[in-house]
Amino acid sequence: MDFDVLVAGGGSAGLAAAVSAARLGARTLLVERHGSIGGMVSAALVHSICGLYRLPVGDESPALANGGFAAEFARRLLANGGASGPVRLGRVDVLLQRPTAFAQLADVLVRETPGLTVRLHTEIIATREEVSLSCRGKIETARARTFVDATGDAALAVLRGAPCEIEPSAQLQRPAFIFALGGVACGAVEETARLRIAQRIARAVKEGSLPLEALGTHLRGSSQAGEVFVTIDLHGGATFDPLDPAGLSELETSGRQVAQRVAEFLRGEVEGFALSYVAAWPARVGIRESRRVVGEYRLEGDDVLKAARFPDAVAAATWPIELRETASGPRLRFPPSGNPCEIPLRALRARDDEALFVAGRCISCSHEAQASVRVIGTCLATGEASGIAAALQARNGRVTAAEVVAAREELAR
């Protein structure tokens with residue numbers, strides 16, 4: 001198989017990269033290890049899209065931070081009934097969505113895009129002159145001129161020998177375990193009810209009837225009647241390693257155990273949950289941070305807080321720095337100006353690999369900056385930028401940010 005662009009990872013960033021590259025006429029291969037496109041949405045049941053909108057000033061209406069693919073995806077998801085909002089939660093606007101609808105729209109986009117080939121249930125296991133793809137013991141080979149790593153873990157970058165970095169275990173963002181409950185009474189998770197539930201869970205943790213990891217449990221209603229999503233931040237242990245197979249295996253099983261106890265507590269102790277049941281487990285725990293690629297520029301936390309601007313900007317990050325280094329909830333740091341931070345093309349280029357671009361949560365950035373850029377809205381934008389850059393470079397050689405922006409505007413038209 002011979003392609004212009006190979007995209008590794010079919011989450012929001014990978015989807016945006018692959019569709020955008022193919023729309024520019026590049027023969028594109030998208031490789032995804034799960035059975036559906038959507039990444040943390042379809043696999044981990046993330047049910048809101050953060051980072052789509054600029055931080056609001058006063059009572060102003062929500063305003064999209066990035067045009068192009070991010071804006072198109074939000075518009076189409078709203079149009080087919082797969083999302084509702086945007087909803088203002090404190091100082092941010094988010095788009096609430098159903099993971100099944102997200103995955104369905106991803107399938108539609110893939111099917112309608114000429115020149116895009118998809119391999120699901122497939123992982124890249126080696127890259128030399130050819131790329132080796134493995135699916136259940138069957139090996140395929142592929143060639144490509146340029147590559148986009150949208151794996152979230154910089155897995156392709158590591159196989160290609162590109163330098164990466166990762167925080168010490170104690171500083172890593174804690175993983176999330178999200179599951180869905182059905183059969184919940186109407187109004188059971190309205191704002192005042194959620195506060196009472198949080199207080200009851202805190203009391204149960206203090207009394208020892210719920211484990212400590214249940215303390216940060218958060219509930220959010222769905223657009224589907226009777227459906228509620230429950231999010232639990234897991235501690236992961238003192239030696240938490242999001243890349244260790246033994247640790248990940250323990251995280252999955254312990255996450256389900258904590259979630260089951262929370263579900264039983266809600267059913268037995270909280271009004272409106274007497275008939276509730278676990279409607280869906282995630283396919284995998286939600287990893288928020290692991291490896292990051294070392295690029296030509298490293299986006300820093302100060303860049304986010306100072307709303308930095310760059311001459312080679314190709315996307316905008318509008319989400320606050322959301323640190324989740326413990327399992328007790330987030331610490332938010334907002335840019336004083338409220339303005340977005342620009343993301344330069346240099347942060348999407350691997351420093352020592354001319355053919356490799358990066359998108360999503362593993363772009364070149366610090367731990368603090370990653371706590372802002374890792375959200376879905378920003379991943380859609382960096383994915384589109386990297387996909388366009390990879391397609392243009394495969395065709396014409398090294399690409400500039402101005403060419404990426406011009407191509408994005410042309411695609412939007």
Side-chain angles (χ1 to χ4, degrees), residues 4-9 11 13-14 16-17 20-21 26 31 124 126-129 131 143-168 171-173 242-243 289-304 306 308-317 341-374 378-379 381-405:
D4 299 309
V5 178
L6 187 152
V7 179
S20 299
V31 181
I124 298 172
T127 61
R128 296 183 181 86
E129 292 183 1
V131 178
R143 297 184 186 88
R145 290 170 176 78
T146 56
F147 301 84
V148 177
D149 189 332
T151 61
D153 301 308
L156 176 60
V158 167
L159 290 174
R160 290 180 61 84
C164 298
E165 60 181 351
I166 187 170
E167 292 299 297
Q171 278 75 54
L172 281 169
Q173 311 288 348
L243 304 169
E289 181 183 16
S290 58
R291 278 186 299 244
R292 306 183 303 276
V293 173
V294 175
E296 295 178 356
Y297 180 83
R298 185 178 189 255
L299 197 71
E300 302 291 341
D302 279 348
D303 290 329
V304 175
K306 294 177 181 177
R309 301 179 66 83
F310 299 94
D312 60 335
V314 291
C341 168
E342 293 182 337
I343 299 175
L345 181 60
R346 286 167 294 157
L348 309 184
R349 284 185 178 276
R351 187 187 65 191
D352 300 330
D353 189 338
E354 182 74 13
L356 178 62
F357 295 88
V358 192
R361 74 168 191 245
C362 60
I363 69 172
S364 180
C365 59
S366 69
H367 166 69
E368 289 77 14
Q370 195 267 357
S372 167
V373 303
R374 63 178 174 81
T378 311
C379 288
T382 58
E384 179 186 37
S386 285
I388 290 173
L392 293 177
Q393 183 162 304
R395 181 196 305 165
N396 303 321
R398 187 175 174 93
V399 65
T400 67
E403 291 170 323
V404 172
V405 172

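- The two atoms that bring Asp149 and Ala157 nearest to each other are OD2-N, 2.8 Å, heavy atoms only.
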Verdict with reasoning, Ile343 to Ile363, per side chain to side chain contact (heavy atoms under 4.5 Å, CB included): CA-CA 10 Å; Ile343 299 175; Ile363 69 172; 4.3 Å; yes
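- Taking both residues in full, the closest heavy atoms of Ala8 and Ile124 are given as CB-CD1, 3.7 Å, listed atom of the first, atom of the second, then distance.
- Panel note: side chain Thr151, backbone Gly9; no donor-acceptor pair is recorded below 3.5 Å.
- For Glu403, the side-chain hydrogen bond (donor to acceptor under 3.5 Å, both in side chains) partners two or more places apart in sequence, or in a different chain, are Thr400.
- In this structure, the side chain of Glu342 engages the main chain of Phe310 through a donor-acceptor pair within 3.5 Å.
- For Arg395, the side-chain hydrogen bond (donor to acceptor under 3.5 Å, both in side chains) test picks out no residue, with sequence neighbours left out.
- Remark: the backbone N or O of Arg346 is paired with a side-chain donor or acceptor of Asp312 at under 3.5 angstrom.
- By the side-chain hydrogen bond (donor to acceptor under 3.5 Å, both in side chains) test, Asp4 is found to be paired with Arg27, Arg145, residues two or more places apart in sequence or in another chain being considered.
- Looking at residues two or more places apart in sequence or on another chain, you find a side-chain hydrogen bond (donor to acceptor under 3.5 Å, both in side chains) between Arg292 and Glu167, Glu289.
- Checked by atom type and distance alone, the side chain of Ser364 pairs as donor or acceptor with a backbone atom of Tyr297 at under 3.5 Å.
- For the salt bridge (charged side-chain N to carboxylate O under 4.0 Å, His left out) test, residues two or more places apart in sequence or in another chain that qualify with Arg160 are Asp353.
- The closest donor-acceptor contact from the side chain of Ser386 to the backbone of Gly383 lies at 3.5 Å or more, if one exists at all.
- Residue pairs that meet the salt bridge (Lys or Arg N to Asp or Glu O under 4.0 Å) test with at least one member in residues 361-371, sequence neighbours left out, are Asp153-Arg361.
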